[in-house]
Undergrad: 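Mind looking over this structure? Questions follow.
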Number of protein chains: 2
Amino acid sequence: MSNAKKIVIADDEPDILEILEFNLSAEGYEVTTAKNGDEAIEKAKRTSPDLIILDIMMPGKTGIEVCNLLRMMPPFKDTLIIFLTAMSDESTEIKGLETGADDYLTKPISSKILLSKVNSLFRRLNKEESTIVKIGDIEIDREKYIVKKKGEDIILARKEFELLALLASKPGKVFLRNEILNQIWGTEVIVGDRTIDVHIRKIRQKLEMDCITTVKGVGYKFEL
Amino acid sequence: MSNAKKIVIADDEPDILEILEFNLSAEGYEVTTAKNGDEAIEKAKRTSPDLIILDIMMPGKTGIEVCNLLRMMPPFKDTLIIFLTAMSDESTEIKGLETGADDYLTKPISSKILLSKVNSLFRRLNKEESTIVKIGDIEIDREKYIVKKKGEDIILARKEFELLALLASKPGKVFLRNEILNQIWGTEVIVGDRTIDVHIRKIRQKLEMDCITTVKGVGYKFEL
DNA sequence: ACCCAATGTTATAGTATTATCAAATTGTTA
DNA sequence: TAACAATTTGATAATACTATAACATTGGGT
């Protein structure tokens, strides 16, 4: 899966770095580590991570300074940032949140809590972004009602779009004709047999690709 | 449109309820309180809050149970939920996060921390709503109710303005007719289908641009 | 290789949706 | 309250979408 979430962790304590990296990697995240603030910024620029975990107390730039710098750069305007802090000092916590961090964790860190928190943050983010589906050259945006192939817009009518979106929602899965009818036309409306075929044909025509496969006697599936 | 964020707080301790309500109200939030889980669900259904704060330990349903129930209801799929817990018990914290809560706070609660956290959570959500929106030649100022095209003022009537502002708030996104009706006219008022069309037409006329695209059978979107 | 059911193709007619205009209603301001 | 602007509605025209019929083709089973 190339869509593994990327995380950059910055902490000056090698032990912590290692523990966090181990745990997050085990969970399937793509982890990059940094020993200090500057390295964190540099790695962030290079890897475009989905989440940045910053220790507040670091030699050189503090996590808060790093966060401030990152927030000034457009690519990191909305990137998730979590602070790590040994202090249970309230004012620090607040400063952190108001700097634009999305959360903070207090050391000593329980890996279970960290993972929960990370997963939880991503869960929220995923919901917002699930409107866009990318499969190879094809990009389907449910919100914008747009289908793109290699960046070029392809105009689909409503039913065509819905049908494609349905099939593409689970690439590889074979959708039975009945399933498709229920999902797109609903149970009340009854349409003839050829209706689905015709829509499928139009999609194939417009996409100019063979990404919808017929499974005879069963249904259709979206692939490649 | 009163766009004050609404919050429902559930806790069985009246003191805490009062403190939280006081602080959050002072910050401009619209607070509703509930003494137990069932009441929380009921109030949530009635007020459609933006955030729900749940004490975990409550007589009757626990906060976790309430959260589970809420998450099953479509309207609350994405609502922010924060847990309040007296326990620093790690397993509880994790159970909370994995239930679908967005964060948790440990009692005793510092109101400053609470406010920071709440503000921080909403900040992320609010990014979309900056008062001035610029898209190409067009500039929309929600506060001053002014639209400019290449620096020149364009005078739009209120509904026209609101409609344009709505569409432009998420360029590219297709707004369903129902969505538009709910956002601009509200659920109580019922207007005919032609109303939207006519307003769209006037906006197009006054802007002298083709920036509003019709997606037949779906809705309208603002582009370019 | 043949058959037959399932699917592909095409053109077309019917339908639903939207654009446009004018007129009616409501709201606002002097 | 008159005058004017804003909003809504209804009728009608223009348009795009969809379903279907009729026919062609395919491919698996025997």
Side-chain angles (χ1 to χ4, degrees), chain A residues 142 144-147 153-167 174-223, chain B residues 1 144-147 153-167 174-223:
Chain A
R142 283 176 184 283
K144 298 187 176 175
Y145 247 89
I146 274 179
V147 177
D153 281 21
I154 291 176
I155 296 165
L156 296 185
R158 186 169 123 213
K159 284 273 188 297
E160 293 161 16
F161 182 88
E162 285 174 2
L163 180 47
L164 176 60
L166 174 65
L167 295 180
V174 178
F175 286 84
L176 313 181
R177 290 177 99 89
N178 277 333
E179 229 173 326
I180 295 173
L181 287 175
N182 283 329
Q183 291 285 326
I184 296 188
W185 279 268
T187 40
E188 308 102 38
V189 192
I190 296 169
V191 292
D193 269 359
R194 299 280 62 72
T195 302
I196 292 181
D197 307 354
V198 173
H199 284 291
I200 292 280
R201 180 179 179 281
K202 285 194 180 151
I203 295 172
R204 284 174 171 154
Q205 235 179 358
K206 290 185 179 175
L207 286 187
E208 295 172 318
M209 288 177 80
D210 229 18
C211 50
I212 297 180
T213 312
T214 307
V215 182
K216 198 155 180 167
V218 189
Y220 296 92
K221 68 177 165 177
F222 184 93
E223 263 184 330
Chain B
M1 232 198 272
K144 300 183 179 167
Y145 261 66
I146 281 176
V147 177
D153 280 21
I154 290 177
I155 296 165
L156 295 184
R158 177 140 56 261
K159 288 273 191 264
E160 292 162 16
F161 181 87
E162 283 176 7
L163 180 47
L164 176 61
L166 175 64
L167 295 180
V174 176
F175 288 83
L176 313 181
R177 289 177 102 89
N178 280 333
E179 231 171 324
I180 295 173
L181 287 176
N182 283 329
Q183 292 284 325
I184 296 188
W185 280 269
T187 40
E188 310 100 36
V189 193
I190 297 169
V191 291
D193 269 357
R194 290 311 110 236
T195 302
I196 294 180
D197 307 0
V198 172
H199 285 291
I200 291 281
R201 179 173 177 282
K202 287 194 178 153
I203 295 172
R204 284 175 172 153
Q205 252 178 349
K206 290 186 178 175
L207 287 187
E208 295 173 318
M209 288 177 77
D210 227 20
C211 50
I212 297 180
T213 311
T214 308
V215 183
K216 201 154 182 169
V218 189
Y220 294 92
K221 67 177 163 178
F222 183 93
E223 262 185 331

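Not measured: the values here are computed from a predicted model. Within every chain, numbering begins at 1; the chains are lettered A, B, ... in the order of the sequence lines, protein sequences first and strands thereafter. All values below come from the heavy atoms of this structure, side chains included, with hydrogens, waters and symmetry mates left out.
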Undergrad: May I have the distance from A/L181 (atom CG) to D/dA19 (atom C1'), rounded to whole angstrom?
TA: 12 Å

Undergrad: When we call it a touch if two heavy atoms are under 4.0 Å apart, what does A/F161 touch: a base, just sugar-phosphate, or nothing?
TA: nothing

Undergrad: Can you tell me how far apart CD (A/Q205) and CD (A/E160) are? Round to the nearest 0.5 Å.
TA: 9.5 Å

Undergrad: Nearest 0.5 Å, what's the CG-CD distance between A/N182 and A/E188?
TA: 10.0 Å

Undergrad: Kindly check if the number of other-residue, nucleotide or ligand heavy atoms within 6.0 Å of CZ (B/R158) is above 12?
TA: no

Undergrad: Round to a whole Å and report the spacing from CD1 of B/I200 to P of D/dT7.
TA: 14 Å

Undergrad: Using five base pairs at each end to define the local axes, how bent is the helix from C/dA1-D/dT30 to C/dA30-D/dT1, to the nearest 10°?
TA: 40°

Undergrad: Would you say A/K206's side chain and A/I155's backbone share a donor-acceptor pair under 3.5 angstrom?
TA: yes

Undergrad: Where each residue is assigned the nucleotide of DNA chain C containing its nearest heavy atom, which of A/R177 and B/V215 is assigned the position nearer the 5′ end?
TA: A/R177

Undergrad: Tell me: CD of B/E160 to P of D/dA5, nearest whole Å?
TA: 13 Å

Undergrad: Using a heavy-atom cut-off of 4.0 Å to chain B, what are the terminal contacting nucleotides of DNA chain C, in 5' to 3' order?
TA: C/dT17 to C/dC21

Undergrad: Any side-chain heavy-atom pair from B/H199 and B/T195 closer than 4.5 angstrom?
TA: yes

Undergrad: What distance separates B/L166 CG from B/I180 CD1, expressed to the nearest 0.5 Å?
TA: 6.5 Å

Undergrad: Under 4.5 Å between any side-chain heavy atoms of A/I196 and A/W185, yes or no?
TA: yes

Undergrad: Determine whether B/D153 and B/V147 make a side-chain contact, defined as any pair of heavy atoms from C-beta on separated by less than 4.5 Å.
TA: no

Undergrad: Applying the side-chain contact (heavy atoms from CB on, under 4.5 Å) test to B/F222, which of B/L163, B/L164, B/T213 qualifies?
TA: B/L164

Undergrad: With the threshold set at 4.0 Å, does a side-chain nitrogen-carboxylate oxygen contact exist between A/R177 and A/D197?
TA: yes

Undergrad: Select from A/Q205 and B/V218 the residue whose nearest nucleotide in DNA chain C is closer to the 5' end of that strand.
TA: A/Q205

Undergrad: I need the CG-P distance between A/L163 and D/dA19, as an integer number of Å.
TA: 11 Å

Undergrad: Could you check if a side-chain atom of B/I203 sits within less than 4.5 angstrom of a side-chain atom of B/L167, using non-hydrogen atoms only?
TA: no

Undergrad: Between the protein and nucleotides 8-17 of chain D, list every N/O to N/O distance that falls short of 3.5 Å.
TA:
residue: D/dT8; atom: OP1; partner: B/W185; partner atom: NE1; Å: 2.8
residue: D/dT8; atom: OP2; partner: B/W185; partner atom: NE1; Å: 3.2
residue: D/dT8; atom: OP2; partner: B/H199; partner atom: NE2; Å: 3.2
residue: D/dT9; atom: OP2; partner: B/G192; partner atom: N; Å: 2.6
residue: D/dT9; atom: OP2; partner: B/T195; partner atom: OG1; Å: 3.2
residue: D/dT15; atom: O2; partner: B/K216; partner atom: NZ; Å: 2.7
residue: D/dA16; atom: O4'; partner: B/K216; partner atom: NZ; Å: 2.9

